[in-house]
Amino acid sequence: MSRPIRTPSILPGFGLTLGFTTFFLGAIVLIPLAALVMKTASMGWRDFLDVVLDPRALASYRLSFGASLLAAALNGIFGFIIAWTLVRYEFPGRKLIDALIDMPFALPTAVSGIALTAVFAANGWIGQHIAPFGIKVAYTWIGVVVALTLIGLPFVVRSVQPALLEVQRDLEDAAETLGAGRFTIFRRIIFPTVMPALATGFTMAFARAVGEYGSVIFIAGNLPMKTEITPLLIVIKLEQFDYAGAAALGFVMLLMSFIMLLSINLLQTWGRRHVVAAGR
């Protein structure tokens, strides 16, 4: 009896790749997170609560997570429109705009913060025109949202673009031939196809914004209880050699981010099942 001929793989076998994956994730992700938890556990329960429930810390949580959610929502809306424009239309400069989407990835975050501050300050290019109307962006929570929107935009656009390419144009044409309106085509054909990718982009933009530091500190003004984000508060704790306090704040950020990302993923899973059930 002849044995089946196995096609050689360019990668090592399952056991070796699984071992390498476990080792790499453990060294890069799990060990640092475990060190953060152990450092937090070295504090007494009362000291931990004093640090994480301090009014200044609570104000920083509200700003960090609230601004991150708002920025991710804005990126979900405008990132979808940008991806739609780049995928569905041919126009002069399309490739240049497509390349500019990735600039926030390559640009140092501190440079982004300085540029935004120069533009939206009271004497900046845009700030000087909106200041007479009582609109102030730099050194307010609005500036924090603007900075977080900038760094999160590529995640949504790059997630949605491949999904839009997969939308079957024949189905759209057939639906239009049968009398379906443009909104119905979008709601029944386009959005169900793009929704998982859009949710993924939203999740990544939110996660990126929660931990952002460099682009925010310049435009936020860093006023305690008003425009101070939690990552900045952690840095302040470290500069004061309060390592346990910094670890406690980091642990709270880690826990809250995990809960919010888990909730978003569960919602995304429910949405996929709902779409599949509706399509039956």
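All heavy atoms count here, side chains included; hydrogens, waters and symmetry mates do not. Along the sequence shown, residues carry numbers from 1. Quick caveat, the model's predicted, so the values are computed rather than measured.
- When the side chains of ILVMFWY residues are joined at heavy-atom separations under 4.5 Å, either directly or via intervening members, Ile82 and Phe186 end up in a single hydrophobic cluster.
- By the side-chain contact (heavy atoms from CB on, under 4.5 Å) test, Pro162 pairs with no residue at all, sequence neighbours left out.
- Listed by first then second residue, pairs satisfying ring pair (Phe, Tyr, Trp, His ring centres under 6.0 Å) with a partner in residues 199-256 number zero, not counting sequence neighbours.
- Put simply, Ile234 and Leu58 are part of the same group of oily side chains (I, L, V, M, F, W, Y) that touch within less than 4.5 Å, one to the next.
- Of the possible polar contacts, none joining the Thr227 side chain to the Trp141 backbone as a donor-acceptor pair under 3.5 Å is found.
- Annotation: the span from Leu70 atom CG to Leu74 atom CG amounts to 4.5 Å, rounded to 0.5 Å.
- The two residues Gly152 and Ala205 make their nearest non-hydrogen contact at O-CB, 3.6 Å.
- Once rounded to the nearest 0.5 Å, the distance linking CG of Leu49 with CE of Met43 reads 9.0 Å.
- With contacts defined as side-chain heavy-atom distances shorter than 4.5 Å, the pair Val210/Met260 does not qualify.
- Under the ring pair (Phe, Tyr, Trp, His ring centres under 6.0 Å) criterion, no residue pair touches residues 52-75, with sequence neighbours excluded.
- Linking Ile, Leu, Val, Met, Phe, Trp and Tyr whenever their side-chain heavy atoms come within less than 4.5 Å puts Tyr89 and Val160 in one cluster.
- In this structure, the side chains of Leu63 and Glu228 stay at 4.5 Å or more apart for every pair of heavy atoms.
- Across all non-hydrogen atoms, the minimal contact from Ile28 to Pro32 is O-CG, 3.4 Å.
- Take Tyr139 and apply the ring pair (Phe, Tyr, Trp, His ring centres under 6.0 Å) test, not counting sequence neighbours, and it matches no residue.
- Between the side chain of Ser42 and the main chain of Lys39, a donor-acceptor pair closer than 3.5 Å is present.
- If you take CG on Leu171 and CD1 on Ile189, they are separated by 5.5 Å, rounding to the nearest 0.5 Å.
- In this structure the side chain of Pro55 reaches within 4.5 angstrom of the side chain of Met225, judged on heavy atoms.
- Hydrophobic clustering of Ile, Leu, Val, Met, Phe, Trp and Tyr side chains at less than 4.5 Å, counting indirect connections, keeps Ile185 apart from Leu178.
- Side chain of Thr193 to main chain of Val167: no donor-acceptor pair is present (N/O by atom type, distance under 3.5 Å, no hydrogens or angles).
- Atom OG1 of Thr200 and atom CE of Met195 lie 9.5 Å apart (nearest 0.5 Å).
- For Asn75 (side chain) and Ala71 (main-chain N/O), a donor-acceptor pair under 3.5 Å exists by modelled atom type.
- Paired with Met253 under the rule side chain to side chain contact (heavy atoms under 4.5 Å, CB included), one option of Leu233, Val52, Thr230, Leu36 passes, and it is Thr230.
- Side-chain contact between Leu18 and Thr22 is present, with heavy atoms from C-beta onward closer than 4.5 Å.
- Residues Ala147 and Val216 approach most closely at CB-CG2, 4.2 Å, considering heavy atoms.
- If you check the side chains of Ser112 and Ser215, you find no donor sitting under 3.5 Å from an acceptor.
- Here CG of Leu232 is found 9.0 Å from OG of Ser60. Values are rounded to the nearest 0.5 Å.
- Here the closest heavy-atom approach between residue Val156 and residue Gly79 is recorded as CG1-CA, 3.9 Å.
- Proximity of a side-chain donor or acceptor of Arg94 to a complementary backbone N or O of Leu86 within less than 3.5 Å is detected.
- The two atoms that bring Arg56 and Ile236 nearest to each other are NH2-CD1, 3.6 Å, heavy atoms only.
- At most 12 non-hydrogen atoms from other residues, nucleotides or ligands lie less than 6.0 angstrom from CZ of Phe78.
- Cluster annotation: Leu16 and Leu25 are assigned to distinct hydrophobic clusters (Ile/Leu/Val/Met/Phe/Trp/Tyr, side-chain heavy-atom contacts under 4.5 Å, transitive).
- Annotation for Val194 and Ala163: closest pair CA-CB, 4.1 Å, computed over non-hydrogen atoms.
- As a member of the Ile/Leu/Val/Met/Phe/Trp/Tyr network built from side-chain separations under 4.5 Å, Phe23 groups with nothing else and remains a singleton.
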Begin with the C-alpha distance, continue with both residues' side-chain angles, and end with the deciding distance and a verdict on salt bridge (charged side-chain N to carboxylate O under 4.0 Å, His left out) for Glu172 and Arg88.
CA-CA 13 Å; Glu172 296 181 44; Arg88 291 299 180 105; 2.7 Å; yes

CA sep, side-chain torsions, deciding dist, call: Phe48, Leu53, side chain to side chain contact (heavy atoms under 4.5 Å, CB included)
CA-CA 8 Å; Phe48 174 77; Leu53 297 181; over 6 Å; no

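- Residues Arg158 and Asp102 are in side-chain contact: their nearest non-hydrogen atoms beyond the backbone lie under 4.5 Å apart.
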Apply side chain to side chain contact (heavy atoms under 4.5 Å, CB included) to the pair Trp84 and Ile190, showing each step before the final yes or no.
CA-CA 11 Å; Trp84 175 274; Ile190 299 175; 3.7 Å; yes

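- By the 4.5 Å heavy-atom criterion applied to side chains, Gln161 and Val87 are counted as neighbours.
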Report the C-alpha distance between Phe91 and Ile97 in whole Å, list the side-chain angles of each, state the deciding distance to 0.1 Å, and finish with yes or no for side chain to side chain contact (heavy atoms under 4.5 Å, CB included).
CA-CA 10 Å; Phe91 55 91; Ile97 295 177; 3.7 Å; yes

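- With rounding to the nearest 0.5 Å, the separation of CD1 in Ile151 from CG in Leu116 is 10.5 Å.
- Residue pairs meeting the ring pair (Phe, Tyr, Trp, His ring centres under 6.0 Å) criterion with at least one partner in residues 99-135, sequence neighbours excluded, are Phe105-Phe155.
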